[in-house]
Amino acid sequence: MILNDQLGNWKRTHRCGDVTAEYIGRDVCLMGWVQRRRDHGGLIFIDLRDREGIVQLALDPDRDLASHSKAEQVRNEYVVAARGKVSPRPEGTVNPKMKTGEVEIEISELLILNRSETPPFMIDEYAEVAESIRLKHRYLDLRRPALQRNLLMRHRVAKTVRNYLDSQGFIEIETPVLTKSTPEGARDYLVPSRVNTGSFYALPQSPQLFKQLLMVSGFDRYFQIVKCFRDEDLRADRQPEFTQIDCELSFVTRDDIMNVMEGMISTIFKEAIGVEVALPMARLTYAEALERFGVDNPDLRFDLELINITELVVDSQFKVFADVAAGNGLVKALNVKGSATFSRKELDDLTDFVKIYGAKGLAWVKVTEKGWQSPIAKFFTADELAALNRKLDAQVGDLLLFVADKPSVANEALGRLRGHLGQKLGLADKDSYKFSWITDFPLFEYDGEEKRHVAVHHPFTSPLVEDIPLLDTDPGKVRAQAYDLVLNGSEIGGGSIRIHDQAVQSRMFELLGIDHEEAREKFGFLLDALSYGAPPHGGIAFGLDRVMMILTGADSIRDVIAFPKTQKAACLLSEAPNEVNEKQLQELGIRLRTRQK
RNA sequence: GGGGCUGUAGUAGAGUUGGUUACAACGCCGGCCUGUCACGCCGGAGGUCGCGGGUUCAAGUCCCGUCAGCCCCGCCA
């Protein structure tokens, strides 16, 4: 049996990546993992790594034979401790690529604290490894520099958030994780109760109701960096458990909330990546965002706006456009400057792309010296062509793309296409951060399946004061005191002013088709609380994971979370979720309808 | 629930029209080497081609099914 060396009274003095030229001449004691051993027969170099980086250990048999021969046993990922003197590297051997490249540690004593199996992949920044293998060995993947950087930055951001919000008078308060299921919105994760057989808790989709209770309690300004849970399908930017920066404030208006949050976001960007965010941030109404960009989360790093040409084609001979225009639909266009060079294949791909969002097709026009080169050119008169060219600012070399459909489809399809083209053509500067608030969302949207209005945000969202009369006459037109913060085409946060007036809240439930009894059953505790002197209040929640994706440049939310789930919501490391034994089910009073075999 | 992509030594890949014993790289093991730094040189080991079935004289390759991972639509108050 080969025993490891004991730590004994050794104390680490520095981290590897911190030992730079200013420490030359000092004796140091370092501990970490062996990145690589380079054995030159005589001299041995060991690159020693910890979370701060890598430093070179030099083991010369002429200086200390014992440590040199111990170094011969060392392999990748062994855990070692080393004592030695920080020395300048000999002339001509400085490595300018390394932060610690001007120095090396002349080792006089070496301990092997632990050995390691050969890892399934190299712990470096070069190895490209299938994500399933990275996730199975996540503890090794987390040793690699990229994830170390991301999680260290995540810590700094969380710390910045706490400092900033504390400085603004916010108090961090924990809310329950075992809470009540309210089947509005996303599906809940349910937790059975052994003590109350047949009853279930739900894991919170957000602390929404509790933070409103805290306002009633007078805490005035609350925040929490908090895990939330939604049992829905995953995406590149969606995990079943995710982290929110959750805030709620009393005695404030929308503008007050937006201002204090702009301060928080700009402080985060300054602290994390040294970027100065221009304040105040841009603001767009929901209606304007849809009109100009087709979506409520536009990427404002590039122009390329949607142009409404419905009026110009309503009388044209092109039935596809004219019928849509005559039937309350929208015909909108993008002018992709200088892209008349697109191939037939590329145009077909763009057509396939808009079909994903329900568009029936994509009409295209290449603007040439001889006029429109397009399958649809023949349907328009010279006057109509001139009017369209003027409206679209069409010039030779431009590519015009059209979608005609009901408004929701035309906007979404063309808006997504805009984002897609921004990517494809590299229109968005990677180092640019364009924020915008989206305001004045509709309060309701009509659910065709359930044949009733549903809340766009949640049922406690306050309408715009000037729209309150519309609740009785035209609820579909009522706008909400809700706001999202959008960054580079990604929704990173959203919130609203809440209803603190019982009459308005009752009317709201009525319109949502929630009767008094149902409202009592689901939200009785909140309604009770609101009746005991609720202050005007509102709040917001930011998706910390999404913010971190943008700050780190990660393509996947999994790269900013230490132990993420796969698309099927599984943890490849722990193999959760798993089946449980019959005894556990019995105690919970649960019998499964189907037993997977 | 639906659409798409991927699956070959430990890792990431090549593998032609179905045709001998499935390749080279990195890693690993052994040897050599006193200034390397993604060290170098010499030698070696390492494979249920995701899994199951089918077609065929013959399947990594073709067909069907299935599993897993990823991207997207629906879903995400």
Side-chain angles (χ1 to χ4, degrees), chain A residues 35-49 54-63 68 75-77 87 89-98 100-101 104 106 117-137 140 182-188 205-206 208-209 228-240 242 352-359 412-413 416 420 441 443-445 447 449-450 453-461 480 482 491 494 496 508 512 514 522-523 541 543 555-556 558 565-568 570 572:
Chain A
Q35 179 69 33
R36 200 177 285 275
R37 185 198 57 173
R38 290 181 294 278
D39 185 343
H40 289 258
L43 203 55
I44 294 176
F45 296 107
I46 291 175
D47 286 341
L48 194 67
R49 183 194 73 239
I54 288 172
V55 71
Q56 174 166 286
L57 312 183
L59 292 112
D60 190 333
D62 300 337
R63 183 167 51 244
H68 179 269
R75 295 293 181 275
N76 284 357
E77 300 310 311
S87 311
R89 293 197 185 181
E91 190 76 27
T93 65
V94 166
N95 184 345
K97 285 184 287 189
M98 294 176 73
T100 61
E104 63 189 12
E106 291 181 350
E117 298 292 328
T118 302
F121 49 84
M122 285 291 287
I123 312 300
D124 60 27
E125 58 204 291
Y126 309 104
E128 281 184 30
V129 186
E131 192 161 10
S132 53
I133 289 161
R134 292 173 48 202
L135 290 174
K136 183 175 176 190
H137 303 278
L140 296 178
T182 54
E184 289 268 323
R187 294 181 183 88
D188 286 325
Q205 297 174 27
S206 89
Q208 181 62 36
L209 303 181
C228 301
F229 306 85
R230 290 178 190 175
D231 189 3
E232 296 291 348
D233 285 357
L234 288 77
R235 288 285 190 282
D237 61 354
R238 256 160 50 186
Q239 282 273 302
F242 59 98
D352 289 342
F353 182 86
V354 296
K355 283 180 176 169
I356 295 172
Y357 301 94
E412 166 117 29
R416 296 289 170 201
H420 180 68
F441 281 80
L443 189 59
F444 304 105
E445 65 189 345
D447 185 327
E449 217 167 280
E450 300 206 18
H453 284 102
V454 296
V456 168
H457 196 50
H458 58 64
F460 314 106
T461 304
E491 179 203 327
S496 65
M508 185 78 180
L512 290 170
I514 300 173
K522 282 183 177 166
F523 312 114
D555 291 323
S556 164
R558 296 179 295 279
K565 306 266 190 299
T566 68
Q567 193 163 47
K568 287 193 69 187
L572 297 183

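Every chain is numbered from 1 and lettered A, B, ... according to where its sequence line falls, protein lines coming before strand lines.
Between the side chain of A:Arg134 and the base of B:G69, no donor-acceptor pair of N or O atoms lies under 3.5 Å. Not a single donor-acceptor contact under 3.5 angstrom links the side-chain atoms of A:Arg37 to the base of B:C39. Contact of A:Glu128 with B:U11 (side chain to base): no donor-acceptor pair of N or O atoms is detected under 3.5 Å. Not a single donor-acceptor contact under 3.5 angstrom links the side-chain atoms of A:Asn76 to the base of B:G27.
Here A:Thr461 lies out of heavy-atom contact (under 4.0 Å) with every strand.
Applying the Watson-Crick and G-U wobble criteria (two distances, each under 3.5 Å), B:G35 pairs with nothing in any strand. Pair check for B:U20 finds none; no Watson-Crick or G-U wobble contact set falls under 3.5 Å.
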Polar atom pairs (N or O), protein with nucleotides 2-5 of chain B, under 3.5 Å:
none

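Residues passing the side chain to side chain donor-acceptor pair (under 3.5 Å) test with A:Ser496 are A:Arg498, sequence neighbours excluded. Every side chain to side chain donor-acceptor pair (under 3.5 Å) that A:Asp47 has, sequence neighbours left out, goes to A:Arg38. With sequence neighbours excluded, the residues that form a side-chain contact (heavy atoms from CB on, under 4.5 Å) with A:Asp39 are A:Arg37, A:Ile44, A:Glu72. A:Glu491 is linked by a salt bridge (charged side-chain N to carboxylate O under 4.0 Å, His left out) to nothing, counting only residues two or more places apart in sequence or in another chain.
Straight-line distance from the CD atom of A:Gln567 to the P atom of B:C73: 11 Å, rounded to whole Å.
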Would you list the atom pairs, donor with acceptor, under 3.5 Å between side chains in residues 123-136 of chain A and any protein atom, with sequence neighbours excluded?
from     : atom 1 : to       : atom 2 : distance (Å)
A:Asp124 : OD1    : A:Tyr126 : N      : 2.9
A:Asp124 : OD1    : A:Ala127 : N      : 2.9
A:Glu131 : OE1    : A:Arg558 : NE     : 3.4
A:Glu131 : OE1    : A:Arg558 : NH2    : 3.1
A:Glu131 : OE2    : A:Arg558 : NE     : 2.5
A:Arg134 : NE     : A:Asp141 : OD1    : 3.2
A:Arg134 : NE     : A:Asp141 : OD2    : 2.8
A:Arg134 : NH2    : A:Asp141 : OD2    : 3.1
A:Arg134 : NH2    : A:Asp559 : OD1    : 3.1

